[in-house]
Protein chains: 2
Amino acid sequence: MLTANQAAQQLGMSVHTVRYYANQGLIPNLQRDAHNQRQFDTAALNWLQACQYLRQSGMSIHDLKQYVALCQTGATTLPTRHAMLVALAQQAQARVVAAQQQVAYIQQQLACYDHDEQTAQADILNPSNWTTPAATAANIDRQNNR
Amino acid sequence: MLTANQAAQQLGMSVHTVRYYANQGLIPNLQRDAHNQRQFDTAALNWLQACQYLRQSGMSIHDLKQYVALCQTGATTLPTRHAMLVALAQQAQARVVAAQQQVAYIQQQLACYDHDEQTAQADILNPSNWTTPAATAANIDRQNNR
DNA sequence: AGCTTGCTTGAGAGTAACTCTCAAGTGCTA
DNA sequence: TAGCACTTGAGAGTTACTCTCAAGCAAGCT
């Protein structure tokens with residue numbers, strides 16, 4: 001049995017967030033002790049961790065509430081839950097690609113700087129002189145298809 | 001010369017966001033016409049696009065303001081700006097890895113479902129039965145090192 | 001000229017998901 | 001008995017938008 005603080009530490013999140021999730025009803029059957037303090041057993045910790053990961057994966061609190069409710073309704077809601085997770089995975093996959101493009105975009109500006117550092121006449125790291133994101137995206141596409 | 005609305009459309013962002021950025025001072029020397037309407041020339045559009053991409057890459061509005069100020073100060077601030085971009089690229093790279101882990105985590109839960117769909121006794125897509133994120137992370141590490 | 005439609009403006013309220021502060025209550029130790 | 005560490009709920013603050021509103025102006029129709 002862990003307190004809110006201990007549960008938070010174990011999962012590397014803030015105690016504020018743990019209480020926030022609990023107050024939002026994201027942890028079913030969360031027990032309290034005689035002094036009204038939250039008690040996290042293994043099941044509660046499991047839910048908390050799932051909330052943490054689904055949030056990090058891009059599911060909103062609103063959708064998380066729905067998901068929890070569906071879980072509590074029972075196995076008849078399995079297809080719905082499955083669809084939610086498939087959509088979530090697609091979103092997360094899109095974020096992988098987006099983040100890759102962002103890295104490439106920044107590194108492209110940096111490459112200009114590193115190359116011209118000594119002889120730079122123009123102000124390289126000034127947006128008005130930047131290569132376009134479109135050009136960066138095209139570069140990434142080229143790399144991915146190679 | 002474009003209006004706020006036209007500039008927004010060209011860059012695929014909302015006109016609200018464009019005005020927000022302009023009000024935050026992120027677009028230096030933004031002109032107005034006789035009726036006080038914003039006029040986006042090529043330079044302004046360039047700044048707007050840079051703001052869009054730096055924001056998407058994870059730079060906060062606060063840091064963006066600083067970056068714009070540094071650009072306006074001149075080439076003496078190049079090393080500072082370079083350092084900011086290097087840090088930003090690192091953050092974006094971290095997000096690539098995180099997003100990959102999130103995809104893998106969700107797909108791992110989905111794989112359980114797909115495998116046991118016919119014979120499922122347990123409620124597969126219920127967090128209390130989920131494989132741990134730690135296990136997922138380990139799997140990804142294994143794939144990356146392979 | 002009058003009216004409508006469609007754009008713009010600033011001001012300000014609303015949103016998500018925390019994040020922080022506060023006062024009050026409890027338990028443990030010196 | 002005091003002090004410190006910890007918990008609680010309530011509520012304010014934060015970021016980066018996002019939306020609503022009333023007011024202003026411009027062009028087109030009647």
Side-chain angles (χ1 to χ4, degrees), chain A residues 1-27 30-41 44-45 47-68 84 88 91-92 95 98-99 102, chain B residues 1-27 30-41 44-45 47-68 88 91-92 95 98 102:
Chain A
M1 285 295 187
L2 304 177
T3 66
N5 197 12
Q6 289 168 330
Q9 276 184 294
Q10 190 146 127
L11 299 184
M13 54 205 296
S14 87
V15 68
H16 296 290
T17 304
V18 170
R19 295 210 293 127
Y20 175 70
Y21 285 0
N23 288 337
Q24 295 299 312
L26 298 182
I27 297 149
L30 181 58
Q31 304 298 316
R32 303 275 187 142
D33 70 6
H35 302 297
N36 198 35
Q37 298 191 188
R38 296 176 181 84
Q39 286 188 305
F40 286 81
D41 57 9
L45 208 64
W47 275 104
L48 190 56
Q49 191 169 46
C51 289
Q52 181 187 30
Y53 263 72
L54 290 177
R55 274 292 300 132
Q56 285 174 6
S57 303
M59 188 179 280
S60 68
I61 295 285
H62 178 265
D63 286 357
L64 247 175
K65 283 184 193 174
Q66 271 202 63
Y67 195 92
V68 170
M84 286 179 80
L88 192 65
Q91 285 172 32
R95 278 207 314 284
Q102 288 150 12
Chain B
M1 284 299 189
L2 303 177
T3 66
N5 198 11
Q6 289 168 329
Q9 276 183 294
Q10 191 147 125
L11 299 184
M13 55 206 293
S14 86
V15 67
H16 296 290
T17 305
V18 170
R19 296 209 295 125
Y20 175 71
Y21 285 2
N23 287 338
Q24 296 297 313
L26 298 182
I27 296 149
L30 181 59
Q31 305 297 318
R32 303 276 186 142
D33 70 5
H35 302 299
N36 198 35
Q37 299 192 186
R38 296 177 181 83
Q39 285 187 307
F40 286 80
D41 57 10
L45 208 64
W47 275 104
L48 190 55
Q49 190 171 47
C51 288
Q52 181 186 31
Y53 263 72
L54 289 177
R55 274 293 300 132
Q56 286 175 5
S57 303
M59 188 179 281
S60 68
I61 295 285
H62 179 266
D63 287 358
L64 246 176
K65 283 183 193 175
Q66 270 201 63
Y67 195 92
V68 170
L88 192 65
Q91 284 173 34
R95 279 209 312 285
Q102 288 151 13

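The model shown is predicted, which means the values in this text are computed figures rather than measured ones. Reckoned from all heavy atoms, side chains included, excluding hydrogens, waters and symmetry mates.
- The main-chain N or O of A:Asn23 is never found under 3.5 Å from a side-chain atom of A:Arg19 such that the two would form a donor-acceptor pair.
- Using a 4.5 Å cut-off on side-chain heavy atoms (C-beta onward), A:Arg32 and A:Gln39 make no contact.
- Contact detail for B:Tyr21 and B:Leu48: the closest heavy-atom pair is CD2-CD1, 4.0 Å.
- Using a distance-only test at 3.5 Å, with no hydrogens or angles considered, a donor-acceptor pair links the side chain of A:Gln52 to the main chain of A:Leu11.
- When rounded to the nearest whole Å, the span between NE2 of A:His62 and C1' of C:dG14 equals 16 Å.
- The shortest distance between side-chain heavy atoms of A:Phe40 and A:Val18 falls below 4.5 Å.
- In this structure, A:Gln66 and A:Asp63 have side chains that are in contact, with non-hydrogen atoms separated by less than 4.5 Å.
- Panel note: side chain A:Ser57, backbone A:Tyr53; a donor-acceptor pair is recorded below 3.5 Å.
- Phosphate proximity of C:dT9 to B:Arg38: present, with a side-chain N or O under 4.0 Å from OP1 or OP2.
- Residues of residues 15-23 of chain B that place a heavy atom closer than 4.0 Å to DNA chain D, in numerical order, are B:His16, B:Thr17, B:Tyr20, B:Tyr21.
- Between A:Leu54 atom CG and C:dA17 atom P the separation is 13 Å, expressed in whole Å.
- Ranked by how close their nearest DNA chain D nucleotide is to the 5' end, A:Gln37 and B:Ser14 are led by A:Gln37.
- For C:dT8, the OP1/OP2 oxygens have no side-chain nitrogen or oxygen of B:Asn36 closer than 4.0 Å.
- What separates CG of B:Asn5 from C1' of C:dT9 is a distance of 13 Å, to the nearest Å.
- In this model, a donor atom of one side chain and an acceptor atom of the other lie less than 3.5 Å apart for A:Arg95 and B:Gln102.
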Strand DNA chain C as a dot-bracket string - pairs counted if Watson-Crick or G-U with both distances under 3.5 Å, | where the partner lies in another strand: ||||||||||||||||||||||||||||||

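- One interatomic measurement links the two molecules: CD of A:Gln24 to P of C:dT19, which rounds to 14 Å at whole-angstrom precision.
- Heavy-atom nearest nucleotides on DNA chain C were determined for A:His35 and for A:Ser60, and the one closer to the 5' end corresponds to A:Ser60.
- B:Trp47 places none of its side-chain heavy atoms less than 4.5 Å from the side chain of B:Leu30.
- The closest side-chain heavy-atom distance from B:Gln6 to B:Met1 is not below 4.5 Å.
- Within the 4.5 Å cutoff, side-chain heavy atoms of B:Arg55 are placed close to those of B:Ile61.
- In this structure, CD of B:Gln31 is placed 17 Å from C1' of C:dT8, rounded to the nearest angstrom.
- Protein chain B contacts DNA chain D over a range whose 5' and 3' limits, counting nucleotides with an atom under 4.0 angstrom from a non-hydrogen atom, are D:dA16 to D:dA26.
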